[in-house]
Amino acid sequence: MAKGPSKRNADTSLAVRAAWLHYAGGITQAEVARRLGVSNATASRLIASAHEIGAVKVSVVGDVAECLSLADDLCGRFGLKVCEVVPDLDEDGLPLRALGHAGAIFLERAVQSGGEMLIGLGHGRTLAAAIDMMSRIEGGKVRFVSLLGGVTRNYAANPHDVMFRLAQKTRVESYILPVPFFANTAQDRDVLLAQRGVRHVYDLAIAADIMIVGIGTAEPDAQLVSSRMIEQHEIEEVRRAGGVGELLGHFFDAGGNPIKTSLDGRTISPDLKQLKGRRVVAIAGGPEKINAIAAVLNSGTISELIVDEPTARELVRKKKRTPSVGTTGGAATRGSEEDRRTGAERAVHG
């Protein structure tokens, strides 16, 4: 039987009370359980629920000197306008907690920056983690649009589900592309984009004020393969052609040059010419993605990067990039006092 409004309100009230006792009162979860007359497990669940509904917000004031230095180095090496390096949380594999938290802050500040704004979203586990960690906020005049087709055979990896959760948290207009990420042929792509509703959303996508994206690999177990967006033989073709990193379905070799495969002309996302000179913010990290991130950075397509500290260290060790096809400009410096603002603040207002 579904809970009625009064029951939901009571549950929310209890969760907020538990959070107040734990964070503001500074008492342990065990003591919270005793005061509320619930089990320790229930107290833990209530405090976690308070996080999920946005009743708890954690702020860390100040910068980590090593992270600022790494950010400066990455800006100089890869021509980034802005870079934020997130402190190491000692995570194994994909650093979803660190990057998810930083991505959530970026999204929240973008939404709350005021005025009209159209934000385009890519795909990936890191971006999904950022949306999961966002607080519930009023989106005002902001709108969201998917930058890629998202009809997949694996629902758990469907970008449309991510957009739905984002719309729930911000209560703003959100648009999806109700087509596959990759059409069967270039002709099929043209047919799909000729549909009136699809074309409207696609035009919104290529006009986005900010494009927030993830970076993928060309490994056999890449997310594009595991989500069944592309087939195993297609990623093998990418690898044979020298593909290392992926951005919105576009693949690059280690030097940042776009590679030619049978996927060309079939991708339903903004093409590289439409990304040139735009504000493209990548949220990416993890040891398995270092080469992929370097490849995409070498392409010059990314203007801003949010990355974890261990990955940033490895990227700094990479050779300084050489000019490549698709490069949009030279190295940027961050010497002015204004450029010393925190990465998240610069990302929204810069």
Side-chain angles (χ1 to χ4, degrees), residues 3-68 84-114 125-140 142 162 165-172 212 283 285 306-310 341-349:
K3 293 180 180 179
S6 60
K7 173 61 175 170
R8 287 197 298 270
N9 291 340
D11 289 348
T12 298
S13 178
L14 191 61
V16 173
R17 183 180 294 277
W20 267 105
L21 289 170
H22 183 57
Y23 293 107
I27 65 176
T28 65
Q29 290 189 9
E31 180 62 15
V32 170
R34 190 189 68 77
R35 292 200 187 187
L36 297 181
V38 299
S39 67
N40 287 350
T42 299
S44 177
R45 178 182 59 77
L46 288 170
I47 292 169
S49 176
H51 275 278
E52 292 172 3
I53 63 176
V56 177
K57 295 185 178 182
V58 178
S59 297
V60 180
V61 179
D63 295 313
V64 178
E66 294 85 355
C67 291
L68 288 176
E84 179 184 359
V85 176
V86 184
D88 184 9
L89 296 184
D90 198 26
E91 299 176 75
D92 291 330
L94 196 62
L96 290 178
R97 281 190 296 135
L99 292 178
H101 181 71
I105 292 174
F106 179 93
L107 281 165
E108 289 173 13
R109 291 189 177 182
V111 169
Q112 296 175 322
S113 61
R125 290 171 291 171
T126 306
L127 190 53
I131 292 169
D132 284 341
M133 293 185 189
M134 283 181 66
S135 301
R136 292 184 182 274
I137 53 178
E138 292 297 328
V142 169
V162 174
R165 281 181 281 147
L166 182 60
Q168 281 187 313
K169 288 197 170 184
T170 59
R171 298 181 182 179
V172 301
I212 305 175
I283 307 174
I306 299 174
V307 65
D308 63 294
E309 189 175 4
R341 291 178 292 172
T342 62
E345 182 180 353
R346 286 196 314 272
V348 173
H349 300 293

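How far CG of Asp90 is from CZ of Arg97: 8.5 Å, rounded to the nearest 0.5 Å. Taking OG of Ser39 as the reference point, atom CZ of Arg34 lies at 15.0 Å (rounded to 0.5 Å). In this structure, CD1 on Ile306 lies 10.0 Å from CG on Leu127, to the nearest 0.5 angstrom. Rounding to the nearest 0.5 Å gives a distance of 7.5 Å between CG of Leu99 and CD1 of Ile283. Within the model, atoms CZ of Arg109 and CD1 of Ile137 stand 11.5 Å from one another, a figure rounded to the nearest 0.5 Å. With rounding to the nearest 0.5 angstrom, the CD1 atom of Ile105 is 9.5 Å from the OG atom of Ser135.
Thr28 places none of its side-chain heavy atoms less than 4.5 Å from the side chain of His22. Between His101 and Val86, every side-chain heavy-atom pair lies at or beyond the 4.5 Å cut-off. Side-chain contact check for Ile47 versus Gln29: some heavy-atom pair is nearer than 4.5 Å. The shortest side-chain heavy-atom distance between Leu68 and Val85 does not fall under the 4.5 Å cut-off. Between Arg17 and Val32, every side-chain heavy-atom pair lies at or beyond the 4.5 Å cut-off. Using a 4.5 Å heavy-atom cutoff, the side chains of Leu14 and Leu36 are in contact.
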side-chain contact (heavy atoms from CB on, under 4.5 Å) assessment of Leu94 paired with Arg125: CA-CA 9 Å; Leu94 196 62; Arg125 290 171 291 171; 3.7 Å; yes
Steps toward side-chain contact (heavy atoms from CB on, under 4.5 Å) verdict (Asp88, Asp308): CA-CA 6 Å; Asp88 184 9; Asp308 63 294; 5.9 Å; no
Candidate pair Val307 and Glu84, rule side-chain contact (heavy atoms from CB on, under 4.5 Å), full reasoning: CA-CA 6 Å; Val307 65; Glu84 179 184 359; over 6 Å; no
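Between the Lys169 side chain and the Met134 main chain, a donor and an acceptor come within less than 3.5 Å of each other. The main-chain N or O of Asn40 is never found under 3.5 Å from a side-chain atom of Ser44 such that the two would form a donor-acceptor pair. Of the possible donor and acceptor atoms, none in the side chain of Glu309 sits under 3.5 Å from a partner among the backbone N and O of Pro87. The closest donor-acceptor contact from the side chain of Glu91 to the backbone of Leu96 lies under 3.5 Å.
At most 12 heavy atoms of other shown residues, nucleotides or ligands fall within 6.0 angstrom of atom CZ in Arg171.
In terms of heavy-atom proximity, Ala130 sits nearest to Ala104 at O-CB, 3.3 Å. Contact detail for Ile131 and Leu107: the closest heavy-atom pair is CG1-CD1, 4.0 Å. The two residues Leu46 and Ala15 come nearest to each other via the heavy atoms O-CB, 3.5 Å.
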